[in-house]
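We name chains A, B, ... by the order of the sequence lines, and we start the count at 1 in each one.
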Amino acid sequence: MLDVDYVLVNEKPVLRIFGKDAKGGTVCGFYEGFSPYFYALGPNVEERLSGNPQVAKIEKVSRCLPMGYQEPREIYKVTLRNPARTVEVREGLVAAGIKTFEADIPFKYRWMSDSGIGGMKWVKASESNALDTISVIADSKVQLKSVSAIEREEDAPLKYMSLDIETVSDDEGKMPEAGKDPVVMISLVFEPAYRGKKHMILSTRRGEGVEPSEKEKDMLQSFVDIVKEYDPDVITGFNISNFDIPYILERMRKNSVRPQFGRCSSKYVRADKFANNYRIGITGRIVADSYQMVKRGWNLKRYGLDHVAKSLLGEEKADVKKSEIGKLWKGSNEDFGRLARYCLQDSILAMNLLLKRDLLDKYIALSKISGSLLQDILEGGETQRIEHYLLREFNSEGYVIPTKTDKKVVVEENGAGLKGGFVLEPKKGLHSMVVVLDFKSMYPSLITTYNICPTTLLTDGYADDAVETPGGARFVPKSVRHGIMPRILERMMDERGKVKKQMRAAKGKTRKAMDMKQLALKVMSNAFYGYFGYQRAKIHSLEIAGAITGLGRQTIQQTVKMIEEGYGHEVVYGDTDSVMIKITDSDLEGAEKIGRDMAEKITKKLPGIIELEFEKIYKRFLPLTKKRYMAWSVERGSDGQWKEEMVMKGIETVRRDWCELTSETMRQIIEIILKQDDVKDAVSYFRDVVKSLLDGKIEMEKLLITKTITKKPESYLGIQPHVELMKKMKQRRVMEMPGIGDRIGYVIVRGPQMLSKRAEDPVYAMDKGLCVDSRYYIDNQLLPPLERIFSALGVNKDELLGMGKQMGLAEAINNHREKDAPVPVVDARDVSGFICRTCHKSCRRPPLIGVCECGGSFLFSSSSGPAERMRLS
DNA sequence: TATTCGCGGGG
DNA sequence: GTGTACGCGAATA
């Protein structure tokens, strides 16, 4: 089942399933006779609705409200005729103070939920004679008498099409505008092939290997015809959701071409803008944007196609500058050919990302687990899929779900907030042989163990066997009512265990699918806790979310106590669901044995299904602060062998605004500290780097800092190094100027001006024999990150630089400046702040009395150097 | 130190 | 379509 929608036929809704059969053929099934409905609770419901032509039926039914432990009660089930009129009926009731339930469920989901069918799953359909009142593209069209789910693991084969467009505008500095700039080329990639072709290039210019069109309008029409004929299930591309497709649609509008390339010609393809994103709707097909999936699934520095293709596929992208496109388009046949190859390459890369990295697998698994349609999984968040899932589960137990109230974002809740996990204050220093134990699926296990559920929460009344949580919330025990949440989670965790076990024996595609399934089960079960804490959730309850985190904190604190008091080991750190324990006088195997033994014994003492597991060993562990540490970690792989890894948490060794020297020095020093356990050696390594820097022995390349030009230089309000360099380059009439969106690299050279004005093009600096400002690199690039690391080892800045005894380096740094930089003359406009001579407090503006709070006088500070060396011009 | 602002991807 | 509604780093208060 790929997609579901409905159409009105003779003012009655007809539901449609767009799907595939096992052979890969397309099917469209029509279902009539299902009506929209919702629930209402309050005074005079019947009177208010009587005579309303939209209301088909009002009946009293017995249902349970989900929030708070309570018995079922009579509420009204209101059945309507037309799904589209639900809102007006609902709002009429809401205005009269009547509570509604499930009055905001999209009609297709109402039906899917009630029928027990879901996205990407198989449907058993009893068919009768086909009827196609609406022109639908499908190999077979059937009228459905009934539908039901069938369990069948394997997926139907899908057809994929990738696309990329090129446009040309007169103003090359800006992004093209769909209102005026035409599409000149469209590349398409097919999998499997279309009419024997793996790909096609459409263009409004003739050229080798290109399908030419006279006008843009003809090309757009060909595009529509090809999509309809090829009939793909999945449409991909790189950022097509927010660029190519909305752009094509706008051009079609301008050219009076009907955007009919969905599987129903009476429903046009649409792009609805919300916030700064478009949502694309192509009936019966799935838009799966490679860019969006990569962005969600990988943590990369940048997400440009060139960068993504290189890091995920190992494929280089032939570079065509965005500003070159116009020239190539108007240029020689060779230029045009280059543009065509470039265009095609982009759709090929997007397709390769999707197929070679199996981008859809995870989303298909989530779709099957949650019951949501694949398209909704791709663009929606966790909340949406949990809500669809809960609707089924709660309904089948006789509960109703509230309609989402659009309450104005409650501020006090934000302020009070929700207490999270417990984080131990890390024990200072470099620790060796630290065993890491953690709680397996902590929050889901707590929900299950303590029977936490909206349906078991005691809101009032008394129950002497209620389970009280640290936050004060009380839940009835399972013997009174087994909560829906605990049951869902038990089932999911159980299922995940089974899949993981089966997986070991499987291989190839099946194994991959199983892996995705267990991952989806993990993702889903971990998301329930966050759901209750989310303000906009239909069942939002800080009481429930707080009960879960409260029990988490209680559990980890009890565990720490057991380890320290019961076993005499020192717990050096812990966060939410993990504890790090220092094991002394043991080798790796010994420490592992102690860890496993403790985990097992403590698990036995913990209630319910809460389980503490041995995870790994940190051969060396250096905490900096809470949430920030580094470690040399070893873990048993699936083959039972130890696998080592350097772990960094909350510590970046690579950052865009750091030069290569910084990243490299950090990596080296971390390695020396963790692997060689030699702080002295790390300090001397650092000093060597500083010394080489002072001696001018570091290549400029390693000192290159890069920043992105985000707007026109004149629109920057502040003074920034990379922008100042742009201005200088413009004056020098540099040929290849970086444009908006390009990254520009610079080094900071010595001189009397403020820092931002001393940014230089490394090539220019080299030519003119300019020296880099070593002092800047030491103070602003090397010291800030490294000082933090060394201070965790008890080495302060003075010691690090060899102040005191050796008198070497710090002196050298100061002398260095003495020689090279004359006392800077500061322009008043460059003064960036003031520093107190006595207490060293700094501020942007001094108090009006002109002296610091402590009574000390102020020094000026500017970006060109330290305060005591300033003179104001 | 908190809060607001602006951009990402794409031509 | 019984609609929806980001997230993170830099700039600024």
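OP1 or OP2 of C:dT2 has at least one side-chain nitrogen or oxygen of A:Y6 nearer than 4.0 Å.
Here the nucleotide nearest the side chain of A:Y291, chosen from C:dC6, B:dG9, C:dT2, is B:dG9. Listed candidates were C:dC6, C:dT2, C:dT4. Nearest to the side chain of A:R536 is C:dC6. The side chain of A:Y303 has B:dG9 as its nearest neighbour among B:dG9, C:dT4, B:dG10. In the set C:dG1, B:dG9, C:dT2, B:dG9 carries the atom at the smallest distance from any side-chain atom of A:R302. Across C:dT2, C:dA5, B:dG10, the shortest atom-to-atom separation from the side chain of A:K404 is found for C:dA5. Of the candidates C:dT2, C:dT4, B:dG10, C:dT4 carries the atom nearest the A:F274 side chain, counting heavy atoms from C-beta on.
Each of A:D376 and A:N277 has a nearest nucleotide on DNA chain C; the 5'-most of these lies closest to A:D376. Along DNA chain C, the nucleotide nearest to A:Y37 and the one nearest to A:T383 differ in position, and the one closer to the 5' end is contacted by A:Y37.
Salt bridge annotation for A:R263-A:D3: absent, with no cationic side-chain nitrogen under 4.0 angstrom from a carboxylate oxygen.
A 4.5 Å side-chain heavy-atom check between A:L163 and A:I248 finds at least one atom pair inside the cut-off. Looking at A:R628 and A:R788, their side chains come closer than 4.5 Å, going by heavy atoms from C-beta outward. A:L373 places none of its side-chain heavy atoms less than 4.5 Å from the side chain of A:F18.
Rounded to an integer number of Å, the gap from CZ of A:R81 to P of C:dT2 is 18 Å. For the pair A:I248 CD1 and B:dG10 P, the interatomic distance rounds to 16 Å; values are reported in whole Å. For the pair A:W298 CH2 and B:dG9 P, the computed distance is 16 Å after rounding to whole Å. Straight-line distance from the CG atom of A:D104 to the P atom of C:dT4: 7 Å, rounded to whole Å. Atom CZ of A:F101 and atom C1' of C:dT2 are 16 Å apart (whole Å). With rounding to whole Å, A:N242 atom CG is found 13 Å from C:dA5 atom C1'. Atom CD1 in A:I186 sits about 18 Å away from atom P in B:dG10, given to the nearest Å. One can place CD1 of A:I280 at 13 Å from P of C:dG1, the figure rounded to the nearest angstrom.
Cation-pi geometry between A:R110 and A:F34 is not satisfied (NZ or CZ under 6.0 Å from the ring centre, within 45° of the ring normal).
Using a 4.0 Å heavy-atom cutoff across all strands shown, A:E379 reaches no nucleic acid atom at all. Residue contacts for A:L305: at a heavy-atom cut-off of 4.0 Å it reaches the sugar-phosphate backbone alone, with no base atom in range. Residue contacts for A:R270: at a heavy-atom cut-off of 4.0 Å it reaches a base atom on one of the strands shown. Using a 4.0 Å heavy-atom cutoff across all strands shown, A:F238 reaches sugar-phosphate atoms only and no base atom. Note on A:I325: only backbone sugar-phosphate atoms sit closer than 4.0 angstrom, heavy atoms only; bases stay farther off. Contact annotation for A:D346: backbone-only contact, meaning every heavy-atom pair under 4.0 Å involves sugar-phosphate atoms and none involves a base. Within 4.0 Å of A:R279, counting heavy atoms only, lies at least one base atom of the nucleic acid. Residue contacts shown for A:L80 are absent, as no nucleic acid heavy atom lies under 4.0 Å away.
For the C1' atoms, the distance linking C:dC6 with C:dT2 amounts to 25 Å, nearest Å.
Remark: the A:Y37 side chain and the A:E102 side chain contain no N/O donor-acceptor pair separated by less than 3.5 Å.
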